[in-house]
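Remember, it's 1-based here, ligands and their atoms both numbered in the order they're listed.
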Amino acid sequence: MSGEKIYLYPVYIRLWHLMNAILCLILIITGISMQFSNPKYPLIRFDLAVSVHNIVGILMAVSYLLFIIGNIFTGNGRYYRIPRKGFVKELMMQFSYYTRGIFLKEKAPFQINKERKFNPLQLFTYVWTMYFFVPVIIISGISMMYPDIFIPSKFLGISALHLTDLIHVVAGFAISLFMFIHVYFCTIGITPLSTFKSMINGFHETHD
Ligand code: HEM
């Protein structure tokens, strides 16, 4: 049963998110193809995968910049602030709801409204992804596009290029894992599709 509809997703967030999701999917597919490439049977021809990955990576960096500018200059940035007190307890409450309460048809511990757009677990994963892993993947990716400018030959006695590559791959793995879990959790709305609809029309539907 649906209750109120709250406008939570401004147009710029919806456009950024759609573009970001498509670009991330292309980056994951071309990234995996390069990582496990076998010259005889490539998923995507290696040189083609590199070119597409580089161009789409730059587009993703530009779209990330728009997300950050939007979050700074609109009210949306305030939803990404982790409370200084009691956040671990809030995380545990949300975790307990997802692993137990939800199956007992209990009420969610945190109601989504204009003041709180994300539940604590969403907040935690969105902040880590958008303010740590995405910047790390962009900086390491751009560095590897211009290694002569950004990457020294050695760092603590090991190849700095290999180290940057390792950081890039680990961040890519973390973002892919996030995306998988994120999409699954988006199905836990008042209906399995209601959260996806929110990202199309901007309105979050609440239980009454
Ligand atoms: C096919 C891929 C994806 C789908 C179907 C999807 C779906 C959704 C949906 C339905 C929402 C609204 C619910 C909510 O606020 O939690 C959302 C929000 C969000 N998603 Fe995704 N997502 C995808 C990929 C991604 C990726 C790759 C990222 C980041 C790298 C991402 C980051 C976010 C963020 C930060 C929000 C909150 C935006 C805001 O309101 O400020 N999503 N996503």
Side-chain angles (χ1 to χ4, degrees), residues 2 4-32 53 56-82 90-91 94-95 97-98 102 108-141 167-207:
S2 68
E4 220 189 321
K5 284 191 177 183
I6 318 166
Y7 187 67
L8 284 184
Y9 305 99
V11 176
Y12 93 87
I13 277 288
R14 285 179 270 154
L15 289 178
W16 160 76
H17 186 269
L18 178 65
M19 195 156 99
N20 183 65
I22 295 170
L23 296 177
C24 276
L25 276 172
I26 300 174
L27 286 166
I28 291 170
I29 295 167
T30 48
I32 288 176
H53 198 80
V56 174
I58 296 281
L59 291 177
M60 195 241 188
V62 173
S63 96
Y64 178 71
L65 214 62
L66 298 178
F67 167 81
I68 292 294
I69 293 171
N71 265 2
I72 292 172
F73 292 104
T74 73
N76 200 59
R78 75 179 189 280
Y79 295 118
Y80 288 79
R81 285 191 203 126
I82 292 192
E90 288 189 4
L91 277 177
Q94 188 65 35
F95 183 76
Y97 172 69
Y98 277 147
I102 198 167
F110 302 95
Q111 300 311 308
I112 300 308
N113 51 45
K114 281 266 180 199
E115 278 67 52
R116 184 194 284 275
K117 183 182 189 179
F118 306 132
N119 72 46
L121 276 174
Q122 274 176 315
L123 177 60
F124 183 77
T125 52
Y126 291 173
V127 167
W128 269 98
T129 304
M130 299 313 300
Y131 289 99
F132 181 74
F133 287 112
V134 172
V136 165
I137 210 160
I138 290 174
I139 293 167
S140 54
I167 292 170
H168 192 74
V169 170
V170 170
F173 183 75
I175 295 171
S176 310
L177 190 68
F178 157 80
M179 190 162 153
F180 207 68
I181 298 170
H182 171 58
V183 173
Y184 168 69
F185 274 94
C186 284
T187 62
I188 309 177
I190 54 173
T191 68
L193 289 181
S194 60
T195 316
F196 298 101
K197 282 189 202 148
S198 307
M199 255 323 188
I200 296 170
N201 61 29
F203 286 90
H204 172 83
E205 270 186 77
T206 62
H207 290 274

Could you please spell out the steps behind the side-chain contact (heavy atoms from CB on, under 4.5 Å) verdict for L123 and R116?
-> CA-CA 10 Å; L123 177 60; R116 184 194 284 275; over 6 Å; no
Walk me through it: do R81 and V127 pass the test side-chain contact (heavy atoms from CB on, under 4.5 Å)?
-> CA-CA 8 Å; R81 285 191 203 126; V127 167; over 6 Å; no
Apply side-chain contact (heavy atoms from CB on, under 4.5 Å) to M179 and L25, showing your working.
-> CA-CA 9 Å; M179 190 162 153; L25 276 172; 3.4 Å; yes
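Nearest protein heavy-atom contact of atom 40 (O) of ligand 1 is K117 NZ, 2.7 Å. In this structure, the protein non-hydrogen atom closest to atom 5 (C) of ligand 1 is F196 CE2, 3.7 Å. Of all protein heavy atoms, the one lying nearest to atom 15 (O) of ligand 1 is Y9 OH, 2.8 Å.
Taking the centre of each ring, F67 and Y80 come in below the 6.0 Å mark.
For the pair T206 (side chain) and E4 (backbone), a donor-acceptor distance under 3.5 Å is present. Under a 3.5 Å cut-off, the side chain of Y12 and the backbone N or O of G70 do form a donor-acceptor pair. Listed for the R14 side chain is a donor-acceptor partner under 3.5 Å among the backbone atoms of I200. In this structure, the side chain of T187 does not engage the main chain of V183 through any donor-acceptor pair within 3.5 Å. Judged purely by atom type and a 3.5 angstrom limit, K114 uses its side chain to pair as donor or acceptor with the backbone of Y7.
No part of L8 comes within 4.0 Å of ligand 1, judged by heavy-atom distances. Under 4.0 angstrom from ligand 1, the non-hydrogen atoms of T195 come from both its backbone and its side chain.
Of all atoms in ligand 1, numbered sequentially from 1 with element shown, those under 4.0 Å from a heavy atom of M130 are 29 (C), 35 (C). Within the listing of ligand 1, atoms 41 (O) sit less than 4.0 angstrom from a heavy atom of N76. Per-residue contacts place C24 under 4.0 angstrom from the following atoms of ligand 1 (heavy atoms of the residue considered): 27 (C). Near Q122, with a cut-off below 4.0 Å to any heavy atom, the atoms of ligand 1 are 14 (C), 16 (O). Which parts of ligand 1 touch I13 is read off a 4.0 Å heavy-atom cut-off, strictly below it: atoms 39 (C), 40 (O), 41 (O).
Within the structure, the side-chain hydrogen bond (donor to acceptor under 3.5 Å, both in side chains) test picks out the following pairs touching residues 125-138 (sequence neighbours left out): N71-Y131, Y126-H182.
With waters left out, the protein N, O or S atoms under 2.8 Å from atom 21 (Fe) of ligand 1 add up to 2.
Any N or O atom pair closer than 3.5 Å counts here, and Y80 shares at least one such pair with ligand 1.
Residue contacts with ligand 1 include F178, since one of its heavy atoms falls under 4.0 Å from the ligand.
For the atom pair CG of L27 and CD1 of I137, the computed distance is 7.5 Å after rounding to the nearest 0.5 Å.
Across the listed options Y12, F118, Y126, F180, Y126 owns the non-hydrogen atom lying nearest to atom 16 (O) of ligand 1.
By the 6.0 Å contact criterion, OH on Y98 is enclosed, its count of non-hydrogen atoms from other residues, nucleotides or ligands being greater than 12.
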